[in-house]
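Throughout, a chain's letter reflects where its sequence line sits, starting with A, and its residues are numbered from 1. Just the heavy atoms: all of them, side chains too, but no hydrogens, waters or symmetry mates, feed the values below.
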There are 2 protein chains.
Amino acid sequence: MFSPEKIEKMRRMGLKITPQRLAILEYLEGNLSHPTAEDIYRHVRKRFPSISFATVYNTLEALKEKGLVRELYIGGTKKRFDPNTQPHHHFFCLSCGNILDIREEIRIKIPQKLREKTIIKEISLLLVGICWNCLPKNLTKS
Amino acid sequence: MFSPEKIEKMRRMGLKITPQRLAILEYLEGNLSHPTAEDIYRHVRKRFPSISFATVYNTLEALKEKGLVRELYIGGTKKRFDPNTQPHHHFFCLSCGNILDIREEIRIKIPQKLREKTIIKEISLLLVGICWNCLPKNLTKS
DNA sequence: GTGTTTGCAAAGAATTTGCAACGAA
DNA sequence: TTCGTTGCAAATTCTTTGCAAACAC
């Protein structure tokens with residue numbers, strides 16, 4: 001559930017608060033699974049059977065603009081969204097297909113030279129391989 | 001043009017060499033633009049007006065399997081391909097929309113702890129912002 | 001000759017759009 | 001009341017598939 005203060009804050013950001021939007025926000029809140037639009041649709045439809053993909057995409061677009069959600073720069077056929085807008089990195093597991101948050105700190109040293117000649121708005125690091133959940137199930141690291 | 005040695009090498013990798021494949025390979029060779037399937041299709045169609053998207057996608061898939069091309073882990077609606085399979089990083093410019101190779105070396109320190117519990121097959125770093133070509137055109141870094 | 005690849009057209013998957021009815025403020 | 005949002009269906013965009021004919025080896 002969202003506190004009235006949180007809702008008021010969103011309103012002040014210029015977001016109209018509809019029940020559908022709240023349901024989407026509540027599904028995203030603390031969600032670590034980097035859901036696709038379809039994941040969100042399927043979940044929210046339980047409570048709002050009439051909700052449409054259009055609304056899901058609209059809402060996600062609105063939330064993105066307000067900086068409440070970010071869209072991941074990850075390949076594949078589906079867009080993925082992350083309610084965690086703090087800088088952090090991701091691990092894409094080739095075995096289970098999940099995208100996981102990396103908790104460990106990873107130092108990325110951007111050369112001063114590159115910093116000077118660009119504006120860097122986002123740093124997106126993706127490690128691809130076999131994740132910590134799947135590796136134990138497989139035989140060996142060999 | 002591809003040297004007979006190079007072609008022979010590809011054949012030994014198990015790739016059947018067709019004129020269409022050669023044309024795609026020649027377009028990719030040294031290409032720094034990270035083209036989409038459509039970019040490739042449009043270019044190759046000049047020489048092979050009858051080529052189809054199916055062939056382009058087929059070929060890219062075959063080249064990927066052989067490690068001659070890699071598909072980028074970058075969001076957006078289209079797949080993008082890179083003939084440079086050496087480790088390197090990318091810059092996605094919000095102004096011009098291009099994806100550029102970063103020449104500068106960027107040190108990424110993966111904690112030993114993370115290395116130990118995973119298998120990392122690929123490290124994909126994407127910087128998002130205003131690139132070195134566009135920045136001078138805009139007013140200031142402010 | 002054998003088995004792959006090509007090219008077409010159609011299917012599929014994901015996202016976006018147009019628009020009338022609805023609802024938040 | 002006003003203007004943005006919803007939900008439906010249709011449209012778009014990108015990628016994949018099925019299959020007969022063509023081709024590489």
DNA chain D contacts among residues 62-74 of chain B, heavy-atom distance under 4.0 Å: none

Please name all residues satisfying ring-ring contact (aromatic ring centres under 6.0 Å, His included) with Y27(A), sequence neighbours left out, ordered by chain then number. H43(A)

Applying ring-ring contact (aromatic ring centres under 6.0 Å, His included), name anything that partners F91(A), two or more places apart in sequence or on another chain. W132(A)

Of I17(B) and R80(B), whose nearest nucleotide on DNA chain D comes first from the 5' end? R80(B)

How close or far is atom [atom2] of [N] from atom [atom1] of [X], stated in whole angstroms?
X: K79(B); N: dA14(C); atom1: NZ; atom2: P; result: 12 Å
X: Q20(B); N: dT4(C); atom1: CD; atom2: C1'; result: 12 Å
X: L15(B); N: dC25(D); atom1: CG; atom2: P; result: 10 Å
X: R21(B); N: dC25(D); atom1: CZ; atom2: C1'; result: 13 Å
X: K16(B); N: dT6(C); atom1: NZ; atom2: P; result: 10 Å
X: N58(B); N: dT15(D); atom1: CG; atom2: P; result: 13 Å
X: I7(A); N: dA25(C); atom1: CD1; atom2: C1'; result: 14 Å
X: R11(B); N: dC23(D); atom1: CZ; atom2: P; result: 17 Å

From the options [options], select the nucleotide whose nearest atom is closest to the side chain of [X].
X: S50(B); options: dT6(D), dC8(C), dT15(C); value: dC8(C)
X: S52(B); options: dG7(D), dT16(D), dC8(C); value: dC8(C)
X: K78(B); options: dT6(D), dT6(C), dT15(D); value: dT15(D)

Test of understanding: with side-chain hydrogen bond (donor to acceptor under 3.5 Å, both in side chains), list the residues that count as partners of N31(B), not counting sequence neighbours. S33(B)

I need the residues from residues 37-46 of chain B with at least one non-hydrogen atom less than 4.0 Å from DNA chain C; give them sorted by number, or say none. none

Flag yes if more than 12 heavy atoms outside K66(B) fall under 6.0 Å of its NZ atom; otherwise flag no. yes

Show me, pair by pair, the donor-acceptor contacts under 3.5 angstrom made by side chains of residues 67-76 of chain A, not counting sequence neighbours?
{"unit_1": "R70(A)", "atom_1": "NH1", "unit_2": "E122(A)", "atom_2": "OE2", "d": "2.8"}
{"unit_1": "R70(A)", "atom_1": "NH2", "unit_2": "H88(A)", "atom_2": "O", "d": "3.4"}
{"unit_1": "R70(A)", "atom_1": "NH2", "unit_2": "H88(A)", "atom_2": "ND1", "d": "3.4"}
{"unit_1": "E71(A)", "atom_1": "OE1", "unit_2": "K64(A)", "atom_2": "NZ", "d": "2.5"}

Check every strand shown and say whether P19(B) touches a base, only sugar-phosphate, or nothing at a heavy-atom separation below 4.0 Å. sugar-phosphate

Side-chain heavy-atom pair I102(A), L114(B) within 4.5 angstrom cut-off: yes

Any chance you could lay out the side chain to side chain donor-acceptor pair (under 3.5 Å) test for D39(B) and T36(B), step after step, and finish with the verdict? CA-CA 5 Å; D39(B) 294 333; T36(B) 63; 3.2 Å; yes

What pair of heavy atoms forms the shortest contact from E104(B) to P111(A), and how long is it? CB-CG, 3.7 Å

In terms of side-chain geometry, is the basic nitrogen of E29(A) or K6(A) positioned less than 4.0 Å from the acidic oxygen of its partner? yes

Ranking T18(A) and A54(B) by the position along DNA chain C of their nearest nucleotide, the one closer to 5' is A54(B)

